[in-house]
Amino acid sequence: MSQIQCQSTPLISDGEARAVGGVDVRQVLSSLSTARLAPYGAMFKPASDDAHLGSYLWAQALGASVHPFVGLVEVVLRNAIHRSLSLQSSGRGQETFPWYDRARTGGLALRGKSLERVEMLLSEGQPPVRKQPQPSPDAVVAALSFGFWPNLLEGLSNRWAPRTFTDVFAHHPHSRPQHWSHESNRRELVLRLKRLQQLRNRVCHFEPIWKPHWVTPGGAPVKHWSHTVAALRAFHADMYDLLAWCSPDAAASYRASFAWNWFNRLCTTHAVRAFMTKHATSAHLMPMTSQDVLLPAA
């Protein structure tokens, strides 16, 4: 992943920065709770309360920087799946069709929680009866959570899977029905989607996305936080590939966006140090560059 070059220009004036001071950092740490902050102490080994809060604020900013990306992937992915299954269910006649409705001719036979979630949207009352009028296919798709889609792809039979995966991931290096006819090939991609779902859940529930047991391959332990930063960049690159396989144009748009620049400025060892060495209440206002150093695992 290429580095983004950023000018080293303060984002606010010195006077404005001083106005943020006067915060009792210990009170802030206390309000966040010892249990929540303990992993930061163990990994980043802060030398002061300021540095401890700085590590937390860095992780908070990093999580926020990823939010636009996961939102973009979610919308692009679900729309691509919706279009493919609509075309297949309608006999290639309609790009938006209730493929999820087992009562419709050509509908997909959903099972388990996937079926339950769809029926909750299509029905009301107790005992449940079908809503009249039925919600539009676009409204149903928009109301389904991100977790619905990896589970849906995972459960597709060989009647649906090869064509759906080929349509949705048209720009995957091996994307053709023959490749996606093998369950092992589909499983690898679904696992990547589930990792993206976990990232989304962590971001939306304000959980740290840097923890080694989650971000490193196989949950391998690390001896220095700089290796977690490197693992996060590699993980982001893997998730970016998903978007590019689905829509190269959407991926190019993301690369040109503020969110891409934001993530690449924050996911560096330089940024971590800036947050931990500047005053914790104003570290997010300090200039950052893409300068990065991978420290030895000592």
A.B. asks: At what distance, to the nearest 0.5 angstrom, does NE2 of His171 lie from CG of Leu243?
C.D. replies: 11.0 Å

A.B. asks: Give the minimum heavy-atom separation between Phe263 and Arg233, together with the two atoms involved.
C.D. replies: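 Heavy atoms of Phe263 and Arg233 come nearest at CZ-CA, 4.5 Å.
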
A.B. asks: Strictly distance-based, threshold 3.5 Å: is any side-chain N or O of His205 a donor or acceptor partner for the main-chain N or O of Glu207?
C.D. replies: no

A.B. asks: How far apart are the closest heavy atoms of Tyr100 and Pro135, and which atoms are they?
C.D. replies: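 Heavy atoms only, the tightest pair is OH-O, 4.2 Å.
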
A.B. asks: Is there a side-chain contact between Arg273 and Thr268, using heavy atoms and a 4.5 Å cut-off?
C.D. replies: no

A.B. asks: Below 6.0 angstrom between ring centroids: does that apply to Trp260 and His236?
C.D. replies: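 Yes - the distance between ring centres of Trp260 and His236 falls below the 6.0 Å cut-off.
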
A.B. asks: Is there a side-chain contact between Val70 and Leu196, using heavy atoms and a 4.5 Å cut-off?
C.D. replies: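 Result yes, sub-4.5 Å side-chain heavy-atom pair found.
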
A.B. asks: With side chain to side chain contact (heavy atoms under 4.5 Å, CB included) as the criterion, how do Val73 and Met239 come out once you've worked through the C-alpha distance, each side chain's angles and the decisive distance to 0.1 Å?
C.D. replies: CA-CA 9 Å; Val73 179; Met239 297 303 104; over 6 Å; no

A.B. asks: Decide if atom CZ of Arg192 counts as having more than 12 heavy atoms of other residues, nucleotides or ligands within a radius under 6.0 Å.
C.D. replies: yes

A.B. asks: List the steps and the verdict of ring-ring contact (aromatic ring centres under 6.0 Å, His included) for His174 and Trp245.
C.D. replies: CA-CA 10 Å; His174 307 293; Trp245 293 338; 9.4 Å; no

A.B. asks: Determine, stepwise, if the pair Leu189 / His172 fulfils side chain to side chain contact (heavy atoms under 4.5 Å, CB included).
C.D. replies: CA-CA 10 Å; Leu189 194 144; His172 184 280; 4.2 Å; yes

A.B. asks: Is it the case that Glu188 and Ser184 place a side-chain donor and acceptor less than 3.5 Å from each other?
C.D. replies: no

A.B. asks: Counting only heavy atoms not in Arg176 (residues, nucleotides, ligands), do more than 12 fall under 6.0 Å from its CZ?
C.D. replies: yes

A.B. asks: Side chains of Leu144 and Leu152: closer than 4.5 Å at any heavy-atom pair?
C.D. replies: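 Side-chain contact under 4.5 Å: no.
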
A.B. asks: If I compare all heavy atoms of Ser247 with all of Val76, which pair ends up nearest, and what's the gap?
C.D. replies: CB-CG1, 3.9 Å

A.B. asks: Are Leu115 and Val141 in one and the same hydrophobic cluster, where Ile, Leu, Val, Met, Phe, Trp and Tyr link if side-chain heavy atoms are under 4.5 Å apart?
C.D. replies: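 Yes, because Leu115 and Val141 connect within a single hydrophobic cluster, where side-chain heavy atoms sit under 4.5 Å apart.
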
A.B. asks: Between Leu110 and Glu116, does the side chain to side chain contact (heavy atoms under 4.5 Å, CB included) criterion hold? Intermediate values first, please.
C.D. replies: CA-CA 9 Å; Leu110 298 175; Glu116 292 175 12; over 6 Å; no

A.B. asks: Enter the distance from Asn158:CG to Glu183:CD here, rounded to the nearest 0.5 Å.
C.D. replies: 8.0 Å

A.B. asks: Under 4.5 Å between any side-chain heavy atoms of Leu156 and Leu108, yes or no?
C.D. replies: yes

A.B. asks: Taking only residues two or more places apart in sequence, or in another chain, which ones meet Arg200 in a salt bridge (Lys or Arg N to Asp or Glu O under 4.0 Å)?
C.D. replies: Glu74

A.B. asks: Please determine whether the number of non-hydrogen atoms from other residues, nucleotides or ligands lying under 6.0 Å from atom NZ of Lys131 exceeds 12.
C.D. replies: yes

A.B. asks: I want to check something: taking the side chain as every heavy atom from C-beta on, are Arg78 and Phe146 in contact at a cut-off of under 4.5 Å?
C.D. replies: no

A.B. asks: For the aromatic rings, using the six-membered ring if either is Trp, is the centroid distance between Phe235 and Trp214 under 6.0 Å?
C.D. replies: yes

A.B. asks: Give a yes or no on this: more than 12 heavy atoms of other residues, nucleotides or ligands lie within 6.0 Å of atom CZ of Arg130.
C.D. replies: yes

A.B. asks: Output the distance between atom OG (Ser257) and atom CG (Leu72), rounded to the nearest 0.5 Å.
C.D. replies: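 The OG atom of Ser257 sits 8.0 Å away from the CG atom of Leu72.
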
A.B. asks: Atom CG in Asn201, atom CD1 in Ile209: separation rounded to 0.5 Å?
C.D. replies: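 That separation rounds to 13.0 Å.
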
A.B. asks: Do Leu242 and Val75 belong to the same hydrophobic cluster, where Ile, Leu, Val, Met, Phe, Trp and Tyr are linked whenever their side-chain heavy atoms lie under 4.5 Å apart, directly or via other members?
C.D. replies: no

A.B. asks: Could you state the interatomic distance from CE (Met120) to NZ (Lys113), rounded to the nearest 0.5 Å?
C.D. replies: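 That separation rounds to 12.5 Å.
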
A.B. asks: Find out whether Gln134 and Pro98 are in side-chain contact, i.e. whether some heavy atom of one side chain is under 4.5 Å from a heavy atom of the other.
C.D. replies: no

A.B. asks: Considering all heavy atoms of both residues, which atom of Ala259 and which atom of Pro68 are nearest to each other, and what is their separation?
C.D. replies: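 Smallest heavy-atom distance, with atoms named: CB-CB, 3.8 Å.
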
A.B. asks: What about the rings of Tyr40 and Trp210, do their centers lie closer together than 6.0 Å?
C.D. replies: yes

A.B. asks: Please work out which of the three classes, parallel, tilted or perpendicular, describes the rings of Phe165 and Phe169, given edges at 30° and 60°.
C.D. replies: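 Tilted: the ring planes of Phe169 and Phe165 meet at 30° to 60°.
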
A.B. asks: Above 12 or not: heavy atoms from other molecules or residues under 6.0 Å from CD of Glu124?
C.D. replies: yes

A.B. asks: What do the steps show when you test Asp138 against Thr96 for side chain to side chain donor-acceptor pair (under 3.5 Å), and what is the final call?
C.D. replies: CA-CA 7 Å; Asp138 288 342; Thr96 180; 3.0 Å; yes

A.B. asks: Can you tell me how far CG of Leu191 sits from CD of Glu154, rounded to the nearest 0.5 angstrom?
C.D. replies: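 Those atoms lie 7.5 Å apart.
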
A.B. asks: Where the side chain of Arg186 meets the backbone of Trp180, is there a donor-acceptor pair that is under 3.5 Å apart?
C.D. replies: yes

A.B. asks: Which pairs of donor and acceptor atoms, one on a side chain in residues 54-63, lie under 3.5 Å apart (sequence neighbours left out)?
C.D. replies:
unit_1, atom_1, unit_2, atom_2, d
Ser55, OG, His52, O, 2.7
Tyr56, OH, Arg36, NE, 3.1
Trp58, NE1, Leu266, O, 2.8

A.B. asks: Can you spot which of Glu95, Gln88, Gln94 makes a side chain to side chain donor-acceptor pair (under 3.5 Å) with Arg83?
C.D. replies: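 When side chain to side chain donor-acceptor pair (under 3.5 Å) is applied between Arg83 and each of Glu95, Gln88, Gln94, only Glu95 qualifies.
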
A.B. asks: So do the side chains of Arg117 and Leu121 get within less than 4.5 Å of each other, counting heavy atoms only?
C.D. replies: no

A.B. asks: Could you go step by step and tell me if Val118 and Phe148 meet the side chain to side chain contact (heavy atoms under 4.5 Å, CB included) rule?
C.D. replies: CA-CA 10 Å; Val118 167; Phe148 176 87; 3.9 Å; yes

A.B. asks: With hydrophobic residues grouped by side-chain heavy-atom distances under 4.5 Å, do Val203 and Phe258 end up in a single group?
C.D. replies: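 Yes, same cluster.
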
